[in-house]
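Read the structure below first, then the notes.
We name chains A, B, ... by the order of the sequence lines, and we start the count at 1 in each one.
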Amino acid sequence: MSAQSVKLSGWVNSIRAVGGIVFLEVIDGGSLDIYTVVVKKSRNPEVWQRASKIKTGSAITIRGTIPEVQVSKRGLEVHATNLEVLAEPIDLLPLDPAGTTPALLDTIIEHRYVALRMAKQRAIFRIRAIVASAAREYLESNGFLEVHTPKICGAGAEGGATLFQLDYFGRRAFLSQSPQLYKQMLMCGISRVYELTPYFRAEPHSTIRHLNESWGIDVEMGFIDSVEEIMGILEGLIAHVFARVKEVASRELDALGVKLSEPRRPFKHLDYSEALEILKSLGFEIDWGQDLGSTEEKAIGEFMLKEGYDAYFIVNYPWDAKPFYIMRKGKLSAAFDLDYKGLELASGGQREHRYNELVENIRIKGLNPDDFSFYLKAFKYGMPPHGGFGLGLDRLVMVITQSQNIREVVLFPRDRQRLLP
RNA sequence: GCCCCGGUCGUAUAGUCUGGUCUAGUAUGCCGGCCUGUCGAGCCGGAGAACCCGGGUUCGAAUCCCGGCCGGGGCGCCA
């Protein structure tokens, strides 16, 4: 048996020198692995000389061997036979990559690239990537085609939400607030589509769960029998993502101190009217037809959790509280929200696919059908019954990583104040 | 946009209520030294902040008052 030789490139996260031995704690390019690089004066005077002068935060390449006998209690021990410093910091690090001295969220965001050397930060963004790939995996195995719709749009999607305006060769254009209208138009030619996409919203909110640029998983499916079919896909998607993260990201979850439990299935279907009853019993005064505010959502979340449900659908919303493209069922609608512990993760529903009814809905909402002609045209050529949902990717990652603020799970968040970096 | 709280060495904080004793304390990081198995290393020494910006009160302001900017939280807004 001989020692295995290795090449290791990464950053020095901490240095401990004990007499003629230098211990470098090194992390690699992205995993959660930690290496303890050992350099002894007696064995390698030249390398030791260099190692004892190295600065925390330096980017280095090590060549060395992995000894049979591992003494280090932390990380894989590597005995360096060569050490090359590729770049060293020219300023004090803006935060402690080893995580001993805490950093405020604002400091982390300002220096996210350095913060990513902290185990917890890596864990969050590794989980984020796993969530995205697990979602793709599930949707593709269910016959959904990934599509990419425009983010520069000539018309505001549904009216209502505030849009970012921009100049498009002298014409007025907007950043897409949602792929809603485009994914529906696609239902005239493809039966199942999905898109991982940014949503741009110019709302001046400042909360722990809103951003002006956020990411969503948008799904639309045609030839459906009922709205239940859509909820089935959404529930399956959520369940698959949780299961996948649990399966492949145990180290990341450990690093975050998160014990992830998969949501109880089947998800409870809570009627909007039932939700109002619950709220009434909790002392809230809500008139039928009103949308639920965040305080109400949280109260329902707590109530449902006591009943044993972390994830639940709220169904049968009043149509008045929903957008024009949602199918009407008298005073009610074929729309649903998916909430997880009081946080809205997704909303969706069956759409109105009949041309005349759709035009009528637009009018009822006080909008002008002419403004939607590019969209309405798609409903003239054999549009099947269809529906879908938009699932907030940031919020899903937030829930899985048990982050308190949505900014924690977005590398460079865009909020009202933050435009750089 | 409204309400509450905050802004002090690179980082994280103490100090502010009860103005002077703060030439601003501590931890970590940083610099120098000692130590051949540290692993939140240890020990010794050192540098580092006129306290977000502007104005005011006062003999005297990190501390009190006003405005602005920024941060955290709550609400509103939210296809």
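- Between A/L420 atom CG and B/G71 atom P there is a gap of 12 Å when expressed in whole angstrom units.
- Between A/R416 and the phosphate of B/G76, there is no side-chain N or O to OP1/OP2 separation shorter than 4.0 Å.
- Between A/F313 and A/F267, the ring planes are tilted. Angles from 30° to 60° get that label.
- In this structure, B/G25 forms a base pair with B/U13, meeting either the Watson-Crick or the G-U wobble geometry with both donor-acceptor distances under 3.5 Å.
- Anti is the conformation of B/A49, whose glycosidic angle sits further than 90° from 0.
- Partner A/Y317 forms a side-chain contact (heavy atoms from CB on, under 4.5 Å) with one of A/I326, A/D337, A/D271 and no other, that one being A/D337.
- Checking B/C30, B/C70, B/C77 against every side-chain atom of A/H205, the shortest atom distance belongs to B/C77.
- Counting non-hydrogen atoms under 4.0 angstrom, A/N405 reaches the backbone sugars and phosphates but no base.
- Here B/G73 is the nucleotide among B/G76, B/G73, B/G72 with the atom lying nearest to any side-chain atom of A/I208.
- Note on A/P102: only backbone sugar-phosphate atoms sit closer than 4.0 angstrom, heavy atoms only; bases stay farther off.
- Residue A/I21 has its side chain nearest to B/G37 when only B/G37, B/U28, B/G71 are considered.
- In this structure, the nucleotide among B/A12, B/A41, B/G71 sitting nearest to the side chain of A/A103 is B/A12.
- Using cut-offs of 30° and 60° on the angle between ring planes, the pair A/F324 and A/Y375 is perpendicular.
- For B/G76, there is no paired nucleotide, since no Watson-Crick or G-U wobble pair has both relevant distances below 3.5 Å.
- Picking from B/C30, B/G1, B/U38 the nucleotide with the shortest atom distance to the side chain of A/F23 gives B/U38.
- Comparing A/T100 and A/S294 by the nucleotide of RNA chain B whose heavy atom lies nearest to each, the residue mapping closer to the 5' end is A/T100.
- Residue-level contact check: A/A98 touches neither bases nor backbone, having no heavy atom under 4.0 Å from any strand.
- Within 4.0 Å (heavy atoms only), A/E344 reaches no atom of the nucleic acid at all.
- When distances are taken from the side chain of A/T107 to each of B/A12, B/U36, B/G29, the shortest belongs to B/A12.
- Contact annotation: A/S206 does not reach the phosphate of B/G74 (side-chain N/O to OP1 or OP2, under 4.0 Å).
- Taking only side-chain atoms of A/E203, from C-beta outward, the nucleotide of B/C31, B/A41, B/C78 with the closest atom is B/C78.
- Contact check, A/R16 against B/A41: a side-chain N or O comes under 4.0 Å of OP1 or OP2.
- Taking every side-chain heavy atom of A/T101 into account, B/U28 is the closest of B/C39, B/U28, B/C30.
- Of the charged side-chain nitrogens involved, at least one lies within less than 4.0 Å of a carboxylate oxygen, so that A/D415 and A/R418 count as a salt-bridged pair.
- Between A/K120 atom NZ and B/G40 atom C1' there is a gap of 14 Å when expressed in whole angstrom units.
- Using a 4.0 Å cut-off, no side-chain N or O of A/T36 falls inside it from OP1 or OP2 of B/U38.
- The partner of B/A49, taking Watson-Crick or G-U wobble pairs whose two distances both stay under 3.5 Å, does not exist in any strand shown.
- A salt bridge links A/E25 with A/R16: the closest approach of a Lys/Arg side-chain nitrogen to an acidic carboxylate oxygen falls below 4.0 angstrom.
- Ion pairing of A/K183 with A/D218 is present here, as a side-chain N (NZ or NE/NH1/NH2) and a carboxylate O approach within less than 4.0 Å.
- Of all nucleotides listed (B/G71, B/C39, B/U13), B/G71 comes nearest to the side chain of A/Q417.
- For the pair A/L93 CG and B/C9 P, the computed distance is 17 Å after rounding to whole Å.
- Nearest to the side chain of A/R209, among B/C39, B/C35, B/C75, sits B/C75.
- Across the interface with RNA chain B, nearest-nucleotide mapping of A/K73 and A/T295 shows A/K73 to be the residue nearer the 5′ end.
- Between A/T56 and the phosphate of B/C30, there is a side-chain N or O to OP1/OP2 separation shorter than 4.0 Å.
- Here A/K298 lies in heavy-atom contact (under 4.0 Å) with sugar-phosphate atoms only.
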Would A/T162 and A/E203 count as a side-chain hydrogen bond (donor to acceptor under 3.5 Å, both in side chains) if you check the C-alpha gap in whole Å, the side-chain angles of each, and the deciding distance to 0.1 Å? CA-CA 6 Å; A/T162 324; A/E203 255 90 42; 2.9 Å; yes
